[in-house]
Amino acid sequence: MENNAKPRVRFAPSPTGPLHIGGLRTALFNYLFAKHHGGDFLLRIEDTDQTRYVPGAEEYILEALDWCGIKIDEGPREGGTHAPYRQSERKALYAGYAQQLIDSGNAYYAFDTNEELDAFRLSAELKGETFTYNNATRNGLKNSLSMTDSQLQHALQSDSHHVVRFKMPENVVVEEVDLIRGHVQFNTNQLDDKVLFKSDGMPTYHLANVVDDHLMEITHVIRGEEWLPSMPLHILLYKAFGWKDTMPQFSHLPLILKPVGKGKLSKRDGDQMGFPVFPLAWKDPETGDISRGYREDGYLPDGLINMLSLLGWNPGTEQEIFSMEQLIESFSLDRVGKSGSRFDPEKTKWFNHQYLIKHSDQELATLFLPFLESKGMQVPFELVVRVCGLVKERCHFVNEVWEQGFFFFQSPTSYDEKMVSKRWKDGVPEMMAEIAEFFGTVENWSAPQIKEPFSLLVTEKGWNFGTVMNSLRLCLVGGSFGPDIFEICEIIGREETVARIGRAVRIIAVVG
RNA sequence: GGUCUGUUCAUCUAAGGGUUAGGAUUCAAGAUUUUCAUUCUUGCCAUAGGGGUUCGAAUCCCCUACAGACUACCA
């Protein structure tokens with residue numbers, strides 16, 4: 001840090017829908033940076049576009065950050081010394097700042113209608129050019145720079161819809177050091193006179209963002225790369241307001257790209273390839289469409305965060321598993337890369353497995369219980385704990401406990417065809433019946449107590465171990481998977497074990 | 001089209017002029033598990049291309065190619 005002050009950073013999403021994992025990573029990096037330097041992380045809701053407001057989106061953002069363990073120091077829910085934290089509630093503030101820019105000659109009124117501007121864009125496009133509202137064109141357009149005073153007064157009073165545009169200076173080179181990208185520069189001739197204040201009385205992103213970052217004493221702006229092109233405008237705004245001295249430092253994060261193909265990661269990719277792009281499931285209030293979420297798909301927040309942290313950042317060591325505390329400890333902006341990273345759903349899976357086996361059996365059982373309940377099953381907690389301990393090594397997701405261990409809670413409903421044709425041959429049903437009989441004679445019903453005499457029996461009868469074990473497994477779980485067979489016997493109990501064998505013998509047809 | 005940004009194994013990445021270019025994921029093979037998964041071992045695989053600068057370049061410079069972002073009264 002150049003200054004000694006504790007950094008203040010903000011995550012400033014628009015409540016236009018669920019938070020995307022790209023946005024989540026931006027929030028994460030802001031949070032890690034702030035906490036690493038002992039600073040504050042603020043949440044500001046940028047809801048200046050009323051037409052795009054989606055109910056529930058703000059609550060979603062809060063819930064997602066909570067789930068991920070990203071703690072907000074100041075925000076609409078938490079409050080703080082710089083409230084309010086919703087731009088819609090700060091509406092009254094912005095007009096004065098727009099006026100300030102007009103008075104200082106840095107901005108002007110513009111009266112062009114959308115239709116007029118569209119026409120200009122269209123005709124420029126036909127000539128293979130791009131229409132830009134700037135120093136070269138603004139004198140030929142309807143604005144306070146091209147009008148006489150009386151025309152202006154008339155236009156202002158006749159209630160015509162107007163906007164305020166920034167007066168982009170001519171041929172000025174704007175230079176700045178981006179903490180991630182280094183020195184970057186732009187020539188203002190390539191930029192346009194952006195609208196700062198809309199005809200509906202709301203500021204645009206650019207004005208609101210700069211004003212609020214200044215007022216909220218933000219020291220570092222860490223945002224996605226898509227904002228890099230508007231950095232010169234923002235810098236010029238700070239200058240125009242006379243806030244250059246306290247201007248925040250900028251960092252533009254590389255984007256998260258599609259796993260395959262071109263472009264940045266989108267909701268569509270997740271739908272097509274079968275992985276979530278949102279931390280939490282989301283139901284679109286208009287269409288009713290449901291998008292899956294990491295939480296509902298059985299991912300653990302620590303794993304998601306860990307995976308996200310390594311997308312575009314690395315610690316410079318070979319460590320890969322990081323708790324949030326360790327991330328805070330190791331994070332630094334100068335180890336953030338410049339190029340976009342492809343999202344890899346496979347690696348996300350691997351991370352999740354790492355965290356799944358780290359969790360205690362009790363914790364995992366607690367997470368799995370709601371899933372069991374959603375299936376209408378009432379299972380003693382102790383049993384769930386035991387099952388989790390037995391199957392967690394073979395799971396990638398919390399939900400997978402069911403796939404890997406459903407047979408602890410209910411009889412198999414079908415038998416794997418491949419296993420049947422491979423194992424269920426002549427003589428096997430009889431063999432199973434003898435085993436069922438034998439189980440009835442076992443004294444102490446526990447895995448080790450069953451195993452020993454069972455092995456003796458198999459040897460005595462001269463049976464093939466592979467056939468016996470696999471056929472028995474088929475009877476008990478319905479296929480060729482699951483933990484130790486005697487553990488299964490112990491847990492489901494003698495009665496159920498015998499019953500399952502009987503049922504299999506009755507149902508499965510012997511194959512040639 | 002214009003502006004800006006970027007380019008190391010299939011993927012995430014390390015190597016701040018000198019290493020057989022390292023690790024992780026995926027994939028493949030073997031071992032373990034009388035099942036499946038896990039785990040372990042081994043293997044495959046990269047400096048976009050072309051010019052410079054230098055004793056020496058993944059690293060510095062230039063060109064080309066490719067990729068991405070932006071180009072709204074959206075953020």
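Here is how names work: the chains are called A, B, and so on, in the same order as the sequence lines, proteins then strands, and each is numbered from 1.
The pair A:E225-A:K338 fails the salt-bridge criterion, with no side-chain N (NZ, NE, NH1 or NH2) lying under 4.0 Å from an Asp/Glu carboxylate O.
The NZ-P distance, from A:K262 to B:C66, rounds to 10 Å in whole Å. Taking atom NE2 on A:H396 and atom P on B:U39, their separation rounds to 8 Å, with Å as the unit.
Using C1' as the reference atom, B:A14 and B:U25 are 15 Å apart when rounded to the nearest Å. For the P atoms, the distance from B:U39 to B:A24 is 13 Å, rounded to whole Å.
Of the residues near RNA chain B, A:F197 and A:P259, the one whose nearest nucleotide (by heavy atom distance) lies more toward the 5' end is A:P259.
With rounding to the nearest 0.5 Å, the separation of NE2 in A:H206 from NE2 in A:H234 is 5.0 Å.
Shown here, B:A31 forms a base pair with B:U39; the pair counts as Watson-Crick or G-U wobble because both key distances fall under 3.5 Å. B:U7 is paired with B:A65 under the criterion used here, namely a Watson-Crick or G-U wobble arrangement in which both key atom distances are under 3.5 Å. Pair assignment for B:G1 gives B:U71, based on Watson-Crick or G-U wobble hydrogen-bonding distances that are each under 3.5 Å. In a base pair of the Watson-Crick type (N1 to N3 plus N6-O4 or O6-N4) or a G-U wobble (N1-O2 and O6-N3), with each distance short of 3.5 Å, B:U53 is matched with no nucleotide.
Note on A:N114: a base of the nucleic acid sits closer than 4.0 angstrom, heavy atoms only. A:G479 comes within 4.0 angstrom of nothing in the nucleic acid, heavy atoms only.
Side-chain contact of A:E170 with A:N189: a donor-acceptor pair under 3.5 Å is absent, judged by distance alone.
Scanning atom types as modelled, no donor and acceptor separated by under 3.5 angstrom connect the side chain of A:T130 and the base of B:G2.
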